[in-house]
There are 2 protein chains.
Amino acid sequence: MMGQDRPRTRIQEKNRATILDAALEVFSQHGFRGATLDQIARAAGLSKPNVLYYFPSKEAIHATLVDGLIHDWIEPLRALGPEGDPVEEILAYVRRKLEMSRTMPRESRLFANEIVQGAPRLGPEITGAFKVLVDEKAAMIRGWEEAGRLAPLDPYHLIFSIWATTQHYADFDVQVRSILEPKGDVHFAEAEAFLTALYRAALTPPGPATG
Amino acid sequence: MMGQDRPRTRIQEKNRATILDAALEVFSQHGFRGATLDQIARAAGLSKPNVLYYFPSKEAIHATLVDGLIHDWIEPLRALGPEGDPVEEILAYVRRKLEMSRTMPRESRLFANEIVQGAPRLGPEITGAFKVLVDEKAAMIRGWEEAGRLAPLDPYHLIFSIWATTQHYADFDVQVRSILEPKGDVHFAEAEAFLTALYRAALTPPGPATG
DNA sequence: GTCTATATAAGGATAGAC
DNA sequence: GTCTATCCTTATATAGAC
């Protein structure tokens with residue numbers, strides 16, 4: 001419950017970081033209940049009691065992890081700004097999200113595990129902040145649409161669809177790979193091309209004969 | 001491990017069905033490890049040992065559930081046929097999948113839980129059958145594209161995107177609701193309108209001046 | 001077929017030596 | 001700070017009465 005937030009030595013910082021990385025690995029793969037302190041300790045190269053020397057409980061490790069990741073996780077949406085061409089701006093958002101699925105799949109699965117199970121460990125501060133941010137960006141998108149700079153699509157469902165399509169490559173990675181088989185990570189380049197085409201076609205306003 | 005497949009009385013069938021429904025509820029919400037036999041027994045209105053009278057183990061309940069659901073789960077993709085207009089055919093698939101998210105959210109989350117965690121309990125028979133089916137439909141879509149009846153988009157990633165966008169409303173239901181807030185289930189109608197517009201725009205071939 | 005009681009194991013957390 | 005040993009709760013599964 002209470003965070004261990006007094007000054008720490010370098011070795012303390014290092015061990016905490018090691019534990020958090022190990023915990024990210026284990027929690028993202030097995031979910032909160034499926035993860036064990038034993039697995040986390042082993043992944044961190046420490047003994048179980050030693051892990052609990054740095055964090056008061058398994059739940060505290062998870063909470064610290066979530067708190068530390070949430071900022072980076074919503075950064076791409078925060079960065080969706082009013083400058084530039086709306087279509088290109090949203091396409092850039094899609095690409096940033098896809099890039100996060102490629103480079104931070106564990107973080108994506110950590111959140112996916114939580115949300116699928118009803119987000120019992122994601123406090124109202126987190127979900128609340130999320131809603132405020134989405135409302136803000138949805139209003140901006142709505143403005144673009146009313147100005148005729150974007151095809152008229154429900155902004156909320158547009159955002160949901162971008163989350164769904166991009167996070168899919170991290171959250172459902174095993175399924176994607178089992179279907180696409182051998183190719184290593186090539187499918188991320190394919191996915192980027194596909195999603196760019198999908199959203200460009202849907203977002204471009206009907207405008208006066210652009211072809 | 002071994003299925004209990006000798007003849008059963010009506011009461012046996014009824015209790016097995018009750019248990020499986022309760023298990024679907026509990027597994028879909030908490031995942032395999034997070035679910036307990038106590039929860040399943042309580043949800044089924046039976047005692048824990050009585051549940052284990054009908055199934056040899058927790059794992060057997062889960063396996064029976066998955067085996068029983070997989071057929072219905074992939075039915076919409078199987079139904080994607082060569083008749084009619086390709087764009088409308090795919091849009092119909094999108095609507096069927098979205099409808100399943102609305103009417104069978106527990107089933108969707110059951111599979112989501114499994115796949116996010118690396119599908120440790122989904123045998124190669126299931127994932128293998130999946131790949132064969134997707135390969136087949138992807139080839140059909142490719143054919144449509146080469147005939148100029150569909151905009152050229154990677155068929156595999158198109159299918160992934162349809163899974164992602166439609167299942168999102170079941171798997172990430174709490175997040176969707178926390179952002180869309182009060183409206184009861186209206187968002188499914190909105191989602192259908194959005195997804196129809198999204199895919200119609202992207203799938204319609206450039207063709208000779210249809211507007 | 002269904003229950004109470006219980007065996008047994010796993011896992012979170014603590015005690016206390018070093 | 002780190003470890004071994006251990007406590008204690010939870011959870012799967014079984015025994016055996018009814």
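Note on naming: letters A, B, ... go to the chains in the order of the sequence lines (proteins, then strands), and numbering restarts at 1 for each one. Side chains included, hydrogens not; waters and symmetry mates left out as well; all remaining heavy atoms used.
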Can a side chain N or O of Tyr54(B) be found less than 4.0 Å away from OP1 or OP2 on dT2(C)?
-> yes

Salt bridge flag under 4.0 Å for residues Arg109(A) and Glu25(A) | no

So, is Thr9(B) near the phosphate of dG1(C), with a side-chain N or O under 4.0 Å from OP1 or OP2?
-> yes

Within this structure, what is the CD1-to-P distance between Ile11(B) and dG1(C), rounded to whole angstrom?
-> 6 Å

What is the distance from CG of Asp38(B) to P of dC3(C), rounded to the nearest Å?
-> 13 Å

dG1(D) C1' sits how many Å from Arg16(A) CZ, rounded?
-> 15 Å

Ring geometry between Phe27(B) and His62(B) (parallel below 30°, tilted from 30 to 60°, perpendicular above 60°) = perpendicular

Can a side chain N or O of Arg33(B) be found less than 4.0 Å away from OP1 or OP2 on dG11(C)?
-> yes

Looking at dT2(C), dA13(C), dT2(D), which one has an atom nearest to any side-chain atom of Tyr53(B)?
-> dT2(C)

Answer yes or no: is there an ion pair linking Arg142(B) with Glu145(B), defined by an N-O contact shorter than 4.0 Å?
-> yes

Once you round it to whole Å, what is the distance between C1' of dT10(D) and CZ of Arg42(B)?
-> 13 Å

Rounded to whole angstroms, how far apart are NZ on Lys48(B) and C1' on dT2(C)?
-> 15 Å

Is any side-chain N or O of Ser47(B) closer than 4.0 Å to OP1 or OP2 of dC3(C)?
-> yes

If you measure from the Lys or Arg side-chain nitrogens to the Asp or Glu carboxylate oxygens, is any gap between Glu13(B) and Arg10(B) under 4.0 Å?
-> no

Go through dA5(C), dG12(C), dA15(C) for me and flag the one nearest to the Pro49(A) side chain.
-> dA15(C)

Rounded to whole Å, the CZ-P distance (Phe55(A) to dG12(C)) equals 15 Å

Would you mind reading off the distance between His30(A) atom NE2 and dA10(C) atom P, rounded to a whole angstrom?
-> 16 Å

Identify whether any heavy atom of Leu37(B) sits under 4.0 Å from a base atom; if not, whether one sits that close to sugar-phosphate; answer base, sugar-phosphate or nothing.
-> sugar-phosphate

Can you tell which of Ser108(B), Ser28(B), Ser101(B) makes a side chain to side chain donor-acceptor pair (under 3.5 Å) with Asp171(B)?
-> Ser108(B)

dG1(D) P sits how many Å from Leu52(A) CG, rounded?
-> 16 Å

For dT2(C), does OP1 or OP2 lie under 4.0 Å from any side-chain N or O of Asn15(B)?
-> yes

Have a look at Ala41(A) and say if it touches a base, only the backbone sugar-phosphate, or nothing, with a 4.0 Å heavy-atom cut-off.
-> nothing

Output yes when at least one side-chain N/O atom of Asn50(A) is less than 4.0 Å from OP1 or OP2 of dC3(D), else no.
-> yes

